[in-house]
Trainee: 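One structure follows; several queries about it will come next.
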Amino acid sequence: LAERFSISRTPIREVLNRLAKTGLIEIRRNIGMFVVTLTLTEVLELYEALAEIEMIVTRLSTRRATLIQRQSLLELSKEFQGLADARDMDAFAAKNVAFHEAIYDACHNRYLAQLARQARRRVWAFRKIHFSIPGRMHRSANEHMEMAAAISEGNEQEIVRLLHIHGDIGNEAFNDFRMILSFSLGGSRSTRN
């Protein structure tokens, strides 16, 4: 990689070590570094963990967000519909990251925010699959607008209800995602070989 990009080995090593901390790369002493291959079960476990962490973080954000943070979330949420209409999956995914980052910041608990960021980074590679499901971007756009409104109003009961819909790994959209993911991971395997 250092030769390919004409840079020293130090920045390459630093990036690979950061990726190892997120769990995307595995370092094997005296052997090398390898991209981690996740099973369907492991990916679903990551999504389940992310949903639970985001429930806590978002509930805190609903109580603790400043007026400026509440307004920022409302503004961010308004941009999703146009991106969904344009079917711009890359811009939609980037806006999704920005929206969730704003929620993490608004919880005013850096440890929980860090856990949420780590969990979200682990599932990032699969987000495009999720957004490729027909109609999912539009449903997600509506969910984001409703969540931003609930946070803005400080309505913790409503945010809990909405998060059960948005992050529910048992809903119909997630079942579609699970099937598509199963095929992309090489069949319906659910454990390591």
Side-chain angles (χ1 to χ4, degrees), residues 18 21-24 38 40-84 89 91-133 135-178 181:
R18 282 188 196 166
K21 286 180 184 176
T22 68
L24 296 173
L38 298 174
L40 178 60
T41 299
E42 290 166 331
V43 172
L44 296 178
E45 288 171 351
L46 284 170
Y47 268 96
E48 183 177 52
L50 177 61
E52 292 300 320
I53 293 166
E54 286 197 335
M55 178 68 74
I56 296 165
V57 168
T58 307
R59 284 179 53 230
L60 289 175
S61 297
T62 303
R63 294 197 310 254
R64 297 178 177 175
T66 66
L67 180 59
I68 291 171
Q69 288 171 322
R70 292 171 195 276
Q71 290 171 340
S72 176
L73 278 166
L74 285 170
E75 291 303 314
L76 278 169
S77 73
K78 293 175 185 175
E79 298 175 36
F80 282 106
Q81 197 63 47
L83 297 172
M89 200 179 313
F92 193 94
K95 190 61 61 184
N96 188 56
V97 169
F99 183 81
H100 286 274
E101 284 288 327
I103 291 172
Y104 303 159
D105 290 340
C107 85
H108 298 281
N109 182 315
R110 58 192 160 159
Y111 300 107
L112 285 171
Q114 181 182 9
L115 283 174
R117 286 181 175 101
Q118 287 172 341
R120 185 159 282 281
R121 277 194 298 267
R122 294 289 306 269
V123 300
W124 176 249
F126 307 104
R127 295 309 289 174
K128 279 193 176 180
I129 294 171
H130 201 83
F131 292 139
S132 70
I133 296 168
R136 181 62 201 144
M137 281 197 297
H138 282 98
R139 282 192 301 276
S140 183
N142 291 333
E143 291 167 5
H144 284 98
M145 288 186 352
E146 290 174 345
M147 288 189 308
I151 292 169
S152 177
E153 295 163 6
N155 189 339
E156 191 173 347
Q157 186 176 359
E158 178 66 0
I159 203 64
V160 168
R161 185 189 76 75
L162 292 169
L163 284 170
H164 279 295
I165 295 167
H166 187 68
D168 184 9
I169 64 170
N171 67 29
E172 188 175 299
F174 199 84
N175 287 332
D176 293 340
F177 167 72
R178 183 184 357 231
L181 182 62

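Along the sequence shown, the residues carry numbers beginning at 1. FYI, side chains are in, hydrogens and waters are out, and symmetry mates aren't considered; it's all heavy atoms of this structure. These figures come from a predicted structure and were not determined experimentally.
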Trainee: Just jot down the side chain to side chain contact (heavy atoms under 4.5 Å, CB included) partners of A49, sequence neighbours excluded, or say none.
Mentor: none
Trainee: Restricting to salt bridge (Lys or Arg N to Asp or Glu O under 4.0 Å), what partner residues turn up for E158, sequence neighbours left out?
Mentor: R161
Trainee: Kindly write out the residues that satisfy side chain to side chain contact (heavy atoms under 4.5 Å, CB included) with Q71, not counting sequence neighbours, or none if the list is empty.
Mentor: L67
Trainee: Could you pull out all residues at least two apart from F131 that satisfy ring pair (Phe, Tyr, Trp, His ring centres under 6.0 Å)?
Mentor: F92
Trainee: Once salt bridge (Lys or Arg N to Asp or Glu O under 4.0 Å) is applied, do any residues pair with R120, and if so which ones, sequence neighbours excluded?
Mentor: E54
Trainee: Donor-acceptor check, side chain of S72 to backbone of I68, threshold 3.5 angstrom: yes or no?
Mentor: no
Trainee: Measuring from M145:CE to L74:CG, what's the distance to the nearest 0.5 Å?
Mentor: 10.0 Å
Trainee: Among residues at least two apart in sequence or on other chains, which ones pass side chain to side chain contact (heavy atoms under 4.5 Å, CB included) with V123?
Mentor: L46, Y47, L50, R127
Trainee: My understanding is that only residues two or more places apart in sequence, or in another chain, count here; which of them pass side-chain hydrogen bond (donor to acceptor under 3.5 Å, both in side chains) with N96?
Mentor: H100, H144
Trainee: For A102 versus L76, what's the shortest heavy-atom pair and its separation?
Mentor: CB-CD1, 4.0 Å
Trainee: Report the residues that fulfil side-chain hydrogen bond (donor to acceptor under 3.5 Å, both in side chains) with E45, sequence neighbours left out, ordered by chain and then residue number.
Mentor: none
Trainee: Which residues pass the side-chain hydrogen bond (donor to acceptor under 3.5 Å, both in side chains) test with S152, not counting sequence neighbours?
Mentor: none
Trainee: Report yes if some heavy atom in the side chain of L162 is under 4.5 Å from a heavy atom in the side chain of E143; otherwise report no.
Mentor: no
Trainee: If I compare all heavy atoms of T62 with all of A150, which pair ends up nearest, and what's the gap?
Mentor: CG2-O, 4.0 Å
Trainee: Name all residues meeting the salt bridge (Lys or Arg N to Asp or Glu O under 4.0 Å) criterion together with E156; count only those two or more places apart in sequence or in a different chain, and write none if there are none.
Mentor: R59, R63
Trainee: Of the non-hydrogen atoms in Q81 and A141, which two are nearest, and what is the gap between them?
Mentor: OE1-CB, 3.6 Å
Trainee: My understanding is that only one of L163, N142, L73, T58 makes a side chain to side chain contact (heavy atoms under 4.5 Å, CB included) with M147; could you say which?
Mentor: L163
Trainee: Side chains of residues 107-116: which donor-acceptor partners sit under 3.5 Å, not counting sequence neighbours?
Mentor:
from	atom 1	to	atom 2	distance (Å)
H108	NE2	Q69	OE1	2.9
N109	OD1	Y111	N	3.1
N109	OD1	L112	N	3.0

Trainee: Does any N or O in the side chain of R122 come within less than 3.5 Å of the main-chain N or O of V43, such that one atom is a donor and the other an acceptor?
Mentor: no
Trainee: Can you list everything that forms a salt bridge (Lys or Arg N to Asp or Glu O under 4.0 Å) with E146? Sequence neighbours excluded, please.
Mentor: none
Trainee: Has R64 got a side-chain atom pairing as donor or acceptor with A106's backbone, closer than 3.5 angstrom?
Mentor: no
Trainee: What I'd like to find out is whether the side chain of K95 reaches to under 4.5 Å of the side chain of F80, using heavy atoms alone.
Mentor: yes
